[in-house]
Amino acid sequence: FIQDADFSRTTFTQYAKFSWATFTQGAYFHEATFIQTADFSGATFNKKFDFRETTVGKVLDLRMVSVAAEGEVILHRVNQPDDGQTTAPQAQGSDGQASQTTKNVPAQGLRLRLRTTLLDRFRFEDIHWYQKGGRLVLQDELDLKDKNQAATHELVADAYRRLVNNFERARQYEWAEQAVVGEMEMRRLNPATPRLTRFFLGAYKSLSLYGSSFGRALSWLVVFLLLLFPSLFPAAGLQMREPSSVQTRVSWWEPWGGHTGLRRYGSTYLAGLVATLETATLQRDPGYRPANDWTRLLAAVELVAIPGQLTLFLLALRRRFRR
């Protein structure tokens with residue numbers, strides 16, 4: 001295209017293929033509607049590529065796109081839903097009159113391909129992204145299941161990394177966190193990643209969603225402090241610090257303190273909770289001591305698990321509310 005290519009408010013009812021096209025001047029697709037895929041793979045933009053308030057029914061393919069030094073790619077409010085769907089007019093009839101029939105385009109999130117594309121001159125503004133599992137998902141990741149697509153886990157991870165950098169420059173930190181999760185998922189699922197690394201990545205995901213979910217990290221911290229260790233300490237064996245008239249051993253299996261029934265289990269849980277908090281806060285004179293080597297080993301595990309989970313929570317909290 002030697003001059004401006006203006007396709008504003010145009011409806012493409014079939015596969016729209018602009019792959020390897022060169023737009024010497026501006027390319028305008030303002031309020032255009034693509035019923036099928038919009039393929040711009042390998043295209044070159046020397047000036048502005050205006051993709052404002054555009055609707056794409058299937059996939060927007062921007063792989064291997066080149067943007068000149070004076071060029072800019074603007075994706076603004078793409079696929080934003082309008083009452084659940086976008087209605088596009090059909091092409092003109094044989095009499096030259098526009099058809100009154102309408103075609104509904106699903107208002108799904110934008111499914112975008114970005115492999116091997118530099119995003120330094122891209123602007124993403126108020127995009128309705130395709131999401132799966134509560135996070136942004138690129139079409140490149142979905143392509144991993146398609147043998148006809150030359151997609152690899154490393155190429156997709158690289159696309160997510162570039163997207164992270166773009167979002168952070170624009171201070172869109174929430175989207176950046178979702179892109180980080182996508183990158184880490186590609187590393188975890190990559191068959192070339194060592195098994196031990198995949199194991200730790202799986203644990204990192206479970207405990208804090210790769211450091212991006214402070215809610216998940218806090219939930220696990222509460223489970224550790226109020227459920228897991230208070231249950232395990234009495235199971236392994238505790239004893240009271242000072243001898244007294246009551247039995248000094250605290251266990252789920254043996255009644256102590258003269259309590260029976262629910263009071264017995266409540267007192268045992270309370271002892272386990274106190275022992276958990278004393279261990280986590282490094283009390284010098286604890287009220288309960290380990291009764292055997294298994295309890296000492298459990299205390300050593302807690303001294304690693306609780307501070308580690310607290311660190312994950314604080315890291316996720318800082319990343320979510322950073323400015």
Side-chain angles (χ1 to χ4, degrees), residues 1-68 70-115 117-119 121-131 136-140 142-143 159 163 166 170 175:
F1 295 87
I2 304 302
Q3 299 183 10
D4 286 343
D6 192 350
F7 292 92
S8 299
R9 299 180 179 84
T10 302
T11 297
F12 299 86
T13 59
Q14 301 298 321
Y15 189 103
K17 187 171 184 179
F18 291 88
S19 57
W20 303 105
T22 297
F23 296 87
T24 305
Q25 301 299 320
Y28 301 96
F29 291 84
H30 178 61
E31 294 186 8
T33 299
F34 295 85
I35 305 299
Q36 303 292 327
T37 292
D39 185 355
F40 291 88
S41 59
T44 299
F45 302 104
N46 291 338
K47 301 292 183 180
K48 179 187 290 187
F49 176 55
D50 190 339
F51 220 69
R52 296 174 183 265
E53 301 181 35
T54 306
T55 300
V56 181
K58 290 191 175 180
V59 178
L60 175 58
D61 195 337
L62 294 177
R63 292 171 298 163
M64 300 175 286
V65 163
S66 299
V67 185
E70 298 180 358
E72 185 178 32
V73 176
I74 303 174
L75 276 69
H76 174 84
R77 292 188 59 80
V78 178
N79 275 32
Q80 281 294 346
D82 181 14
D83 297 328
Q85 62 186 10
T86 298
T87 302
Q90 292 282 26
Q92 291 183 343
S94 58
D95 58 355
Q97 298 296 321
S99 172
Q100 298 302 316
T101 306
T102 59
K103 190 175 186 71
N104 293 331
V105 181
Q108 64 176 355
L110 176 63
R111 293 163 54 185
L112 184 62
R113 285 195 181 105
L114 284 176
R115 296 194 301 274
T117 296
L118 297 177
L119 302 179
R121 301 187 181 279
F122 276 65
R123 283 168 49 188
F124 300 100
E125 302 173 348
D126 195 17
I127 305 297
H128 180 207
W129 294 98
Y130 177 80
Q131 295 195 350
L136 176 158
V137 174
L138 291 175
Q139 181 63 30
D140 303 281
L142 304 178
D143 289 341
L163 199 56
N166 184 284
W175 291 118

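Counting begins at 1 with the first residue of the sequence. This is a predicted model, so every value here is computed, not measured.
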Practice task
Name all residues meeting the side chain to side chain contact (heavy atoms under 4.5 Å, CB included) criterion together with Ser8; count only those two or more places apart in sequence or in a different chain, and write none if there are none.
Solution key: Asp6, Tyr28, His30
Handout entry: Partner set under side chain to side chain contact (heavy atoms under 4.5 Å, CB included) for Ile74, not counting sequence neighbours
Key = Lys48, Arg52, Glu72, His76, Arg123, Glu125
Practice task
Using atom types as modelled and distance alone, determine if a side-chain donor or acceptor of Asn79 lies under 3.5 Å from a backbone N or O of His128.
Solution key: no
Practice task
Taking Thr117 for its side chain and Val65 for its backbone only, find out whether a donor-acceptor pair lies under 3.5 Å.
Solution key: yes
Any heavy-atom pair between the side chains of [Y] and [X] that's under 4.5 Å?
X: Val73; Y: Phe51; result: no
X: Leu136; Y: Leu163; result: yes
X: Phe122; Y: Leu62; result: yes

Problem - is_close_aromatic(Trp175, Phe124), centroid dist under 6.0 Å - result: no
For [X], enumerate each residue passing the side chain to side chain donor-acceptor pair (under 3.5 Å) test, keeping only those at least two apart in sequence or located in another chain.
X: Asp143; answer: Arg113, Arg115, Gln139
X: Gln14; answer: none
X: Ser19; answer: none

Nearest heavy-atom pair of [X] and [Y]: which atoms, and what distance?
X: Leu114; Y: Leu119; result: CD2-CD2, 3.9 Å
X: Asn46; Y: Thr22; result: ND2-CG2, 4.4 Å
X: Val56; Y: Leu60; result: CG1-N, 3.9 Å

Practice task
Please check if any side-chain donor atom of Asp126 sits under 3.5 Å from a side-chain acceptor atom of Gln80, or the reverse.
Solution key: yes
Exercise for the section: Verify the distance criterion only: is there a donor paired with an acceptor across the side chains of Gln25 and Lys47 at less than 3.5 Å? Expected result: no
Practice task
Could you tell me which residues satisfy salt bridge (charged side-chain N to carboxylate O under 4.0 Å, His left out) with Asp4, sequence neighbours excluded, listed by chain and number?
Solution key: none
Fill in the blank from the handout: Residues passing the ring pair (Phe, Tyr, Trp, His ring centres under 6.0 Å) test with Phe1, sequence neighbours excluded, are Phe23
Practice task
Only counting residues at least two apart or in another chain, list the ones meeting ring pair (Phe, Tyr, Trp, His ring centres under 6.0 Å) with Phe7.
Solution key: Phe12, Phe18, Phe29
Please round to the nearest 0.5 Å and tell me the distance separating atom [atom1] of [X] and atom [atom2] of [Y].
X: Leu110; Y: Trp129; atom1: CG; atom2: CH2; value: 6.0 Å
X: Ser66; Y: Phe45; atom1: OG; atom2: CZ; value: 9.5 Å
X: Thr54; Y: Leu75; atom1: OG1; atom2: CG; value: 7.5 Å

Problem - Pairs where residues 12-29 contributes a residue and the test salt bridge (charged side-chain N to carboxylate O under 4.0 Å, His left out) is met, not counting sequence neighbours - result: none
Problem - salt bridge (charged side-chain N to carboxylate O under 4.0 Å, His left out) contacts in which one or both residues fall within residues 30-42, not counting sequence neighbours - result: Arg9-Glu31
